[in-house]
There are 2 protein chains.
Amino acid sequence: MAADRRTVIMEAAARLIARRGVRGLRIEELAAEAGVSNGLIYYHFKDRAGVLRATLEFINDRAERYTADRVAAEHRTDPRSVLEQTLLLEFQDTAEVRENSTAWGELRASAMFDALLRTELAEATHVWDGEVADLITAVLPAAPAWRALEAAQRLTALLEGLSGRWLSEGLTLDHARTLILAAIEAELSHLDSA
Amino acid sequence: MAADRRTVIMEAAARLIARRGVRGLRIEELAAEAGVSNGLIYYHFKDRAGVLRATLEFINDRAERYTADRVAAEHRTDPRSVLEQTLLLEFQDTAEVRENSTAWGELRASAMFDALLRTELAEATHVWDGEVADLITAVLPAAPAWRALEAAQRLTALLEGLSGRWLSEGLTLDHARTLILAAIEAELSHLDSA
DNA sequence: GTCTATAAAGCGATAGAC
DNA sequence: GTCTATCGCTTTATAGAC
């Protein structure tokens, strides 16, 4: 687990992206943050785009890992709790979650002006929506699949909206958590009564 | 109403921000788009940050104007329709709405890395949430004010999330509209039964 | 107020030594 | 693999003429 230079650089990049954004990332600053030379970054990643690609992948893997861990840890509890915990996972004040959420927001913002990112982003969103839809179906097996999917889309889109507010204007984590829990309640009861 | 150069520049900036993002805005490109010289921009706006500040304010005013107009035009119909129409306003494929939504998304993204923008953004968000809360109260006068406000916060945050998806990955306008209408239905019925 | 020309800075990328 | 030094393009910003 002794972090090689390549990993050190990606970790530093993740921190800097959270602090300055994807488009604010400077190679020289990254070198300083990682404690390596300017040239080494080009040696390992070829160019700036390579740094970004590797780092976003790195961040994504990390996010999948903590999500999977947490959901696995919760698997004994009831489906409703699993759904709630999964969505609440994105609202924690840890460096890792902050970095992940920021990077995700940056990815979305960048995709508005970069056609290449769009496909990849749409794919990831689609997978995420499907996972949440499955969790909803576990809570309410009687609900039609398309309804569960639409509810999932609303919840994940809401989550992104709340995440943006959390990171940009200090909507408190507590309030964000309250709002997402209430939304789950509203969606489930509406789904149940349909 | 003959647009002075200053306004022409801000309009051009709005178009360019929608196309390239806040952080992709180049002074030289802006000059070309506006049909003026490089130097004139500095004469009117002092520096790049000044251009951004003025343009974001300009866009915000424009958005408030069209929202106000539309809501006023709808004032004869029932409160529920006014609420729906107000939120659906943000999902139209017109240059103005696209520019506004893109700029708003950019503003949020930028605010994550720029403390100066945060206050202004929080203020605008707060006003917008309050307006939506008022519309909800008009539909369900019996609902406690704090519940109406929280429902409004969820709806506006959802709207931002959906808007981001619309602009970044081609979530269709139709689907976005369907989802926001269903969310209104879920929130109102949940609020009504509480 | 508006333009042209240019200085100054920032930043990505490469070369070459060790 | 890693560092130092530097090149060259891009972009912001200013000076000065009209």
Side-chain angles (χ1 to χ4, degrees), chain A residues 1-59 102-103 106-107 109-110 112-114 116-117, chain B residues 1-58 103 106-107 109-117:
Chain A
M1 194 56 90
D4 60 305
R5 300 282 228 214
R6 204 168 181 280
T7 306
V8 168
I9 293 170
M10 289 189 295
E11 287 168 345
R15 287 194 299 278
L16 275 180
I17 286 173
R19 208 176 310 143
R20 305 224 186 291
V22 165
R23 286 164 284 189
L25 183 73
R26 301 283 164 259
I27 298 298
E28 195 172 356
E29 199 174 3
L30 173 56
E33 174 80 18
V36 303
S37 73
N38 201 323
L40 190 64
I41 290 169
Y42 288 96
Y43 174 78
H44 281 298
F45 300 96
K46 161 111 179 130
D47 59 13
R48 189 179 178 280
V51 176
L52 254 31
R53 220 175 316 115
T55 303
L56 291 171
E57 195 175 332
F58 170 79
I59 288 173
T102 305
E106 278 291 291
L107 195 51
S110 302
M112 293 185 195
F113 317 107
D114 177 358
L116 290 175
L117 285 175
Chain B
M1 194 55 91
D4 59 304
R5 302 283 228 207
R6 205 167 182 281
T7 306
V8 167
I9 293 170
M10 290 188 296
E11 285 167 347
R15 287 195 298 276
L16 237 36
I17 287 174
R19 205 145 65 217
R20 307 225 187 290
V22 165
R23 283 161 285 188
L25 184 73
R26 301 285 165 257
I27 299 297
E28 195 173 356
E29 199 174 3
L30 173 56
E33 174 81 18
V36 302
S37 74
N38 200 325
L40 190 63
I41 291 168
Y42 288 96
Y43 173 78
H44 280 299
F45 299 96
K46 160 113 181 128
D47 59 14
R48 189 181 179 281
V51 175
L52 255 31
R53 221 175 316 115
T55 303
L56 292 170
E57 195 175 331
F58 170 79
E106 278 292 292
L107 188 54
S110 302
M112 293 182 194
F113 318 108
D114 177 357
L116 290 175
L117 283 175

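When reading the values below, keep in mind they use all heavy atoms of this one structure, side chains included, and skip hydrogens, waters and symmetry mates. Each chain gets a letter, A, B and so on, in the order its sequence line appears, and its residues count up from 1.
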Minimum-distance nucleotide (side-chain atoms of A:Tyr42 versus C:dT14, D:dC3, C:dT2):
C:dT14
In whole angstrom, what separates B:Arg26's CZ from C:dG10's P?
15 Å
Would you kindly give the CZ-to-P distance between B:Phe45 and D:dT12, to the nearest whole Å?
15 Å
What's the closest nucleotide to the B:Asp47 side chain, out of D:dC3, C:dG1, D:dA13?
D:dA13
Gap between atoms CZ and C1', on A:Arg5 and D:dG1 respectively (whole Å):
9 Å
Side chains of A:Thr55 and A:Phe45, heavy atoms from C-beta outward: is any pair under 4.5 Å?
no
A:Glu29 vs A:Glu33 side-chain heavy atoms within contact, under 4.5 Å
no
Measure the distance from CD1 on A:Ile9 to C1' on D:dG1 and round it to the nearest whole Å.
11 Å
Drop me the distance from B:Leu16's CG to B:Ile27's CD1, to the nearest 0.5 angstrom.
10.0 Å
Whole Å only: how far is the CD atom of B:Glu29 from the P atom of D:dT10?
13 Å
Taking the side chain of A:Arg48 as its heavy atoms from C-beta onward, which of C:dG12, C:dT2, D:dT2 lies nearest to it?
C:dG12
Using the side-chain heavy atoms of A:Asn38, tell me which of these nucleotides is nearest: D:dA13, C:dG12, C:dA13.
C:dA13
Could you state the atom-to-atom distance from NZ of B:Lys46 to P of D:dT12 in whole Å?
16 Å
Look at the side chain of B:Arg48 and the backbone N and O of B:Leu25, then say whether any donor-acceptor pair between them is shorter than 3.5 Å.
yes
